[in-house]
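Below is one structure; the comments refer to it alone.
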Amino acid sequence: MTQTPAPLAGSEGWSDAKLLYALEEVVEDELNRHLKVAKDWMPHEYVPWSDGRNFDGPLGGEAWAPEQSKVSDIGRIALVVNLLTEDNLPSYHHEIATLFGRDGAWGTWVHRWTAEEGRHGIVMRDYLLTSRAVDPVQLEEFRMAHMSEGFESDNRHSMLHSVAYVAFQELATRISHRNTGHHSGDPVCDRMLSRIATDENLHMVFYRNLLGKAFELAPDQTMEAVRDVVVNFRMPGHGMPGFERAAAQMAIGGIYNLRIHHDDVLQPVLRFLRVLEISGLGPEGLKAQEELGMYMGGLDAQATKFDERREALLARRAARKAS
């Protein structure tokens, strides 16, 4: 079954302002749906406070050491990356508030999203410091360096590109948190990240449904935006200190890699919206759809090669440990 969009008259060349106005009712409906299904939760309830004690410094506590951490090595790496990503919330809020506005349903959503995302950074930092999961000095140094650089979205030039990006990025963040919890080795950490992942999934659904409506209104422009976002996708934390090395370690460790990106992030959104099945597109939309399909095929092939290299590497590591 294919989806044939029914664009409104005069929909060619939709401006951001026109699309924002046209999507306002959809945003309101999605906001109301979100508020009905989202459950408030308390960050302090997910932190093992009884494990806490003073660090070295003015209070004369104990310095951090790696053996104090309950989480695995890959868990520590991923937790730092995930928290530093959440730390840039002020910049993210500025970006989406500038694009979507602060009034009406759009504004209500922007502020609600920011408030919900704020919980993630709160609970993660409290957990990491209380459980001594990571080096607190290094964590703060990374935070200062990362936030001092600021953040500019690759898609700030276009509201459609931004909606397309967050539809995929929220799911990518959910997957990263969920896999980090599974690989952390600490049930408390796993439970905390599962709670965060639930929020991220609801955020993905909001933007995914909004993207679906955009396909109905401006199918060609939306297809071009999705193609651009998918082909040039990168996580918002790409500018943090040591990101490339950490990302490589997370890829090998099974937290987030090409196979996960293809199978668990891109494909679910594209499949749900039937993006590659949409008919009735104009020349530019059809070109974008074809290019998107070819890219996905190439990415699948790259993911297969990565899987083979990863399995070989893990086998060599296992052999060295056994010898």
Side-chain angles (χ1 to χ4, degrees), residues 41-55 61-87 119-140 142-143 171-201 235 237 240-261 263-265 306-307 310-323:
W41 55 279
M42 302 296 115
H44 69 270
E45 295 177 346
Y46 290 82
V47 178
W49 298 105
S50 60
D51 291 349
R53 59 190 186 277
N54 294 341
F55 287 98
E62 181 184 0
W64 182 82
E67 60 269 17
Q68 297 168 1
S69 177
K70 296 180 181 178
V71 302
S72 62
D73 290 343
I74 189 60
R76 286 202 299 275
I77 293 168
L79 281 164
V80 170
V81 169
N82 290 351
L83 176 55
L84 291 179
T85 300
E86 300 286 356
D87 275 335
R119 287 177 175 149
H120 303 168
I122 291 170
V123 71
M124 288 181 68
R125 174 165 282 99
D126 286 346
Y127 164 80
L128 293 181
L129 297 181
T130 301
S131 67
R132 293 180 172 248
V134 301
D135 182 347
V137 175
Q138 185 184 65
L139 181 66
E140 179 60 11
F142 281 170
R143 187 190 71 84
L171 182 53
T173 304
R174 171 190 179 270
I175 296 297
S176 181
H177 282 312
R178 203 67 198 93
N179 287 343
T180 299
H182 290 330
H183 288 80
S184 69
D186 181 10
V188 175
C189 180
D190 191 22
R191 183 165 57 244
M192 173 194 65
L193 292 177
S194 175
R195 177 58 263 185
I196 292 174
T198 298
D199 281 0
E200 302 289 8
N201 195 64
M235 293 293 275
M240 69 179 61
F243 178 78
E244 291 185 2
R245 175 174 171 78
Q249 292 171 310
M250 291 167 66
I252 295 170
I255 304 292
Y256 200 95
N257 53 43
L258 281 180
R259 175 54 61 201
I260 293 170
H261 183 61
D263 291 359
D264 300 336
V265 176
F306 170 81
D307 287 343
R310 176 175 178 264
E311 289 175 7
L313 174 62
L314 294 177
R316 289 195 299 271
R317 288 181 178 178
R320 284 198 298 268
K321 284 186 178 181
S323 61

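Atom set for the values below is all heavy atoms of this structure, side chains included, hydrogens, waters and symmetry mates excluded. Note that this is a predicted model, so its numbers are computed, not measured.
- Ion pairing of Arg76 with Asp73 is present here, as a side-chain N (NZ or NE/NH1/NH2) and a carboxylate O approach within less than 4.0 Å.
- The minimum heavy-atom distance linking Cys189 with Tyr127 is given by the pair CB-OH, 3.2 Å.
- Residues Asn201 and Arg178 fail the side-chain proximity criterion, which asks for heavy atoms closer than 4.5 Å.
- Residues Lys70 and Asp51 have side chains in contact (heavy-atom distance under 4.5 Å, counting atoms from C-beta outward).
- Asp87 contributes atom CG, which lies 12.5 Å from atom CZ of Phe142 (distance to the nearest 0.5 angstrom).
- Counted by atom type alone, Thr180 and Asn82 present one or more donor-acceptor pairs between their side chains at under 3.5 Å.
- Interatomic distance, CG of Asp186 versus CE of Met192, reported as 8.5 Å (0.5 Å rounding).
- At a threshold of 4.5 Å between non-hydrogen side-chain atoms, the residues Ile196 and Tyr46 do not count as touching.
- Heavy-atom minimum distance, Trp41 versus Arg119: O-NE, 3.4 Å.
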Would His44 and Asp126 count as a side chain to side chain contact (heavy atoms under 4.5 Å, CB included) here? Give the steps. CA-CA 8 Å; His44 69 270; Asp126 286 346; over 6 Å; no
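- Ile122 and Pro43 make their closest contact through CG2-CB, 4.0 Å (heavy atoms, listed as atom of the first residue, atom of the second, distance).
- Taking CG of Asp199 as the reference point, atom OG1 of Thr173 lies at 12.0 Å (rounded to 0.5 Å).
- A distance-only check finds no donor-acceptor pair linking the side chain of Trp49 to the backbone of Thr130 [under 3.5 Å].
- Applying the salt bridge (charged side-chain N to carboxylate O under 4.0 Å, His left out) test to every pair with at least one member in residues 241-257, sequence neighbours left out, gives no pairs at all.
- Listed here is the closest heavy atom pair of Asn179 and Ile255: ND2-O, 3.0 Å.
- Between Arg191 and Val188 there is a side-chain heavy-atom pair separated by less than 4.5 Å.
- Here Arg259 pairs with Asp307 in a salt bridge; the nearest charged N to carboxylate O distance falls below 4.0 Å.
- The main-chain N or O of Asp190 is never found under 3.5 Å from a side-chain atom of Ser194 such that the two would form a donor-acceptor pair.
- To the nearest 0.5 Å, atoms CD (Glu200) and CG (Leu193) are separated by 10.5 Å.
- In this structure, the side chains of Arg143 and Leu83 stay at 4.5 Å or more apart for every pair of heavy atoms.
- Partners of His183 under the ring-ring contact (aromatic ring centres under 6.0 Å, His included) rule, at least two apart in sequence or in another chain, do not exist in this structure.
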Test Ile260 against Met250 for side chain to side chain contact (heavy atoms under 4.5 Å, CB included), laying out the working first. CA-CA 11 Å; Ile260 293 170; Met250 291 167 66; over 6 Å; no
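- Residues Arg132 and Ala63 approach most closely at NH1-O, 3.6 Å, considering heavy atoms.
- Between Glu45 and Arg195 there is no side-chain heavy-atom pair separated by less than 4.5 Å.
- For the atom pair NE2 (His261) and CG (Leu171), the distance works out to 10.0 Å, reported to the nearest 0.5 Å.
- Between Leu258 and Phe306, the closest heavy-atom pair is CD1-CB, 4.4 Å.
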